[in-house]
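A quick note: this is a predicted structure, and the numbers were derived from the prediction, not measured.
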Amino acid sequence: MGKLTLDLGVPVIVVAGNHDSPIRLSYMSGVMGQVGLHVVGPVGAEPTGVPITTKDGTTTTFWLLAYTDPETARCELANPDIPSHEAALGAQIDLIRPRMDPEHYHVIVGHAFVTGSTVSESERPLSV
């Protein structure tokens, strides 16, 4: 990461997943963001937008959505109407829409619960 951001000047975007410690990942994220390493650990009431401008002047805002379960999303987003993983992601996206600058391109970078996919040996089952 250091070589990419410090030596080559390439911005790097990292979001916490279901196997990560969101608090650990976000440690020093403010300082790291200043050198181009943008990290989002825990879900927050205000999703993080990272605008990156290319040499030709085009700006793309990357919206970073870390993995979150419905219980955490209800608490962090102060929204008791989040019954599922899908609703948790939807609630985060709803917070982004009004902040989208129509002059920029927008990309959502997220780690989300997905159904209908193929399970690998690194996955762990979710249970309630």
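Sorted by first and then second residue, the salt bridge (charged side-chain N to carboxylate O under 4.0 Å, His left out) pairs involving residues 104-114 (not counting sequence neighbours) form an empty list.
Residues passing the side-chain hydrogen bond (donor to acceptor under 3.5 Å, both in side chains) test with D7: none are found, sequence neighbours excluded. S29 meets the side-chain hydrogen bond (donor to acceptor under 3.5 Å, both in side chains) test with no other residue; sequence neighbours excluded. For R24, the salt bridge (Lys or Arg N to Asp or Glu O under 4.0 Å) criterion is met by no residue, not counting sequence neighbours. Every residue two or more places apart in sequence or in another chain was checked for a side-chain hydrogen bond (donor to acceptor under 3.5 Å, both in side chains) with T60, and none qualifies. Under the rule for a salt bridge (Lys or Arg N to Asp or Glu O under 4.0 Å), D101 has no partner lying at least two apart in sequence or in another chain. Scored by the side-chain hydrogen bond (donor to acceptor under 3.5 Å, both in side chains) test, T53 finds T59 as partners (sequence neighbours excluded).
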Decide yes or no on side-chain contact (heavy atoms from CB on, under 4.5 Å) for H85 and Y67, but give the supporting numbers first. CA-CA 9 Å; H85 286 85; Y67 173 84; 3.0 Å; yes
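Taking CD1 from I52 and NE2 from H104, the interatomic distance works out to 12.0 Å, rounded to the nearest 0.5 Å. Separation of atoms NE2 (H111) and NE2 (H19) is listed at 6.5 Å; rounding is to 0.5 Å. Rounding to the nearest 0.5 Å gives a distance of 11.0 Å between CD of Q92 and CG of N79.
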Got a list of side-chain donor-acceptor pairs under 3.5 Å for residues 31-48, not counting sequence neighbours?
none

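Grouped with M100 in one hydrophobic cluster are W63, L65, L89, I93, I96, I108, the linkage being side-chain heavy-atom contacts under 4.5 Å among Ile, Leu, Val, Met, Phe, Trp and Tyr residues.
Side-chain heavy atoms closer than 4.5 Å link hydrophobic residues (I, L, V, M, F, W, Y) into clusters, and following such links, even through other members, never connects V109 to V14. The hydrophobic cluster containing I13 also contains V107, counting ILVMFWY residues as joined when their side-chain heavy atoms lie under 4.5 angstrom apart, directly or transitively.
Side-chain atoms of T5 come within 3.5 Å of backbone atoms of M1 as a donor-acceptor pair (strictly under, hydrogens ignored). Distance alone, capped at 3.5 Å, places no donor-acceptor pair between the D20 side chain and the P22 backbone.
Nearest heavy-atom pair, A66 versus V15, reported as atom, atom and distance to 0.1 Å: CA-CB, 4.2 Å. G49 and P51 make their closest contact through O-CD, 3.4 Å (heavy atoms, listed as atom of the first residue, atom of the second, distance).
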